[in-house]
Amino acid sequence: MVTAIGLEAERDKLGTASSTVKGNALVQSGETSVINGLAARTPGVLIQRTTGDPGASTNIQIRGASTITGNLQPLIVIDGIPVSNSSIGDAGIVNGTGEQSNQTDGVAQQSRLNDINPEDIASMEVLRGASAAALWGTRAANGVLVITTKKGKRGDKVNISLRSAYSIDQINKVPALQKNYGQGSGGKYSSNPGQRSTWGDKIADRSGGADDFITEGEPGYIGYALLPNGTRRYAIAPGTDANPHGGKNSRDVFDHGREVFSNGYTRDNTLSIGGGDEKSSFYISLGNTYTKGIAKAGSDYDRSSFRINADRQLTKNFKAIASFNYIGIRSNRIQQGSSTSSLFLAGLRTSPDFDNTFYLGDYVDASGATFPGRQLSYRNPIGSRTVTGTDPPIGNAFYDNPFWIINEIENTSKVQRTIASLELNYQLTDWLSIINRTGLDTYRDRRRAYFPIQSANAVTGSLQEEEISETQINNDFIIRATKQLNDKIGGTVLVGANANERRADQVGVAVTDLINPLSPPQTPNSNASSRTPFNLQSIIRTGAVYSQVDVEALNMLYLTLTGRLESASTFGPAQSTFFYPSGALAWQFSQLPAFQNSSFFDFGKL
């Protein structure tokens, strides 16, 4: 297995809790996300998706909940280099990386671990015990997920592999909705603007056929909506005690739980080349994953990646190992949760006898004046209701039509990420070696969140454009000695120093009160007083020295002692350093003479 700091060790000689997942198991799961592929494959690890949006964040919980509102995500280490697994939501970079799971609305952003192509992973180690992660100090409080990527083989011929997969996603189930009663209340039908209740007349008791509309010249005429197909939608007379159905005759009902969904699909392609000669090896991969979400529009995820891993034996005692990984991602996300612009909240509240399909139309009022592009919803069926005090008047949908949400509201993200590392390994003697490992993880995420004018969550329109970036630089200098003192006692002593810097920046502008409803999303479509720029920055630096001592006795007793003395810029002046010790003892009792020749018991360890 691979330890927390990326060094190989024998699992049978460790007294720590860990689980291994092979890369093939992740690929065979059919998941294009590394985290989702880990689900149900390791004991004691809880994997929870935040939403069904493709590429959306997934929470990993290894040691149980240690905080109610904080970050529970483990430290992610790839080939000995710590990398980001942030999922920065509406709260921004100030609150760290754990707030995404606490959002009740908005969109579910991506987990950065999902940037990694599962095809590039050779194995994953889930380190649950405190002693297994002790060398990473405070950052490993929630456990460590150690990822080893694929390498080429020295002296091997060139191997070329092409894997293509296509899968279809279907919505599993939706909430059960009543379809017995129409819009209205008290047993009477009503579709008057603003009517929110769905306990009107009994649909089965209606006469059937076309509805009786309030057209020009009739009492109560307030105009009509001109639909994109050229037809007109008029208001319908409400029910009375004598006629609870009013002008509503149709018995047609609609499935608002499924109407905005269709089959999604995923195309996954990876080309890899690996090989080597007597002194070097290489592994190169190109991958692309495209996922169309189950929403009919506004939900997709496109990831392209390039990776190269190489090593070279420069001299008899000197070896260099390098890796480079570039990832580019584009995604569109859907509004979720408790919001007047969230997909399910608006859809599930719609009365069963209202057709959401036509979400946009031109409203013509009783005087003949036309108001183009009004949003139509079950609480504003012909677009006649407007927001009080707006000039020109703005349509008021109360709750966005779900088809407006997926077709008009935008939440886009464009990510460019680079992960690189260089390791130099010098073997001073047959028992003493020096390792220096440097890693870089940096990404930029350009986001746009756009609510057009008339959106329920921002009736005057809003736009937020921002760029979020994170850069992490890490360096470890390690001296490692392995010595067998005699035939009964041996061990390994490791001493290391670590320096780490994490920088996060968030720059952008939030715009409200958009001017021209026909303008594409852009900041100039607003007054200067409606623009709020922001510029946030976070820098965290840590430095540490650490040591690990492994003692092996009698080929059955294994003792591991570790200690890390850490100083961080977040500790403050009251406590400038923190010491993190740990110890583990393992007894492989199957090596006792009583079990040596057993035919039914071959291994046991405490």
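None of the values given here were measured: they were computed from a predicted structure. When reading the values below, keep in mind they use all heavy atoms of this one structure, side chains included, and skip hydrogens, waters and symmetry mates. Index from 1, following the sequence.
- Here Tyr234 and Tyr224 bring their ring centres to under 6.0 angstrom of each other.
- A donor-acceptor contact closer than 3.5 angstrom is absent between the side chains of Tyr189 and Ser351.
- Classification of Arg503 and Asp505 as a salt-bridged pair fails, no side-chain N sitting under 4.0 Å from a carboxylate O.
- When only modelled atom types and interatomic distance are considered, Ser331 and Gln110 share a side-chain donor-acceptor pair under 3.5 Å.
- Once rounded to the nearest 0.5 Å, the distance linking CD1 of Ile394 with OG1 of Thr460 reads 6.0 Å.
- Across Pro452 and Glu408, no two heavy atoms sit closer than the pair CG-O, 3.4 Å.
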**Asked** Which is it for Phe254 and Tyr378 under the ring-ring contact (aromatic ring centres under 6.0 Å, His included) test, yes or no, and what are the steps along the way?
**Response** CA-CA 12 Å; Phe254 304 91; Tyr378 83 103; over 10 Å; no

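- Using a 3.5 Å distance cut-off with no hydrogens or angles, the side chains of Arg307 and Asn325 do pair a donor with an acceptor.
- Across Leu514 and Ser462, no two heavy atoms sit closer than the pair CD1-N, 3.8 Å.
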**Residues Thr266, Lys292; criterion side-chain contact (heavy atoms from CB on, under 4.5 Å); working and verdict** = CA-CA 6 Å; Thr266 298; Lys292 163 67 174 61; over 6 Å; no

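- Checked against the 6.0 Å centroid threshold, Phe344 and Phe261 count as a close aromatic pair.
- Within the cation-pi definition used here (under 6.0 Å to the ring centroid, within 45° of the axis), Arg112 qualifies as a partner of Tyr443.
- Between Asp201 and Arg206 a salt bridge is recorded (basic side-chain N to carboxylate O distance below 4.0 Å).
- Dense packing is recorded around CZ of Arg251, with more than 12 heavy atoms of other residues, nucleotides or ligands lying under 6.0 Å away.
- More than 12 heavy atoms of other residues, nucleotides or ligands lie within 6.0 Å of CZ in Phe371, so this atom counts as buried by the packing criterion.
- The backbone N or O of Ala108 lies less than 3.5 Å from a partner atom in the side chain of Arg333, making a donor-acceptor pair.
- Remark: Arg374 fails to qualify as a cation-pi partner of Tyr363 under the 6.0 Å distance and 45° angle criteria applied to the six-membered ring.
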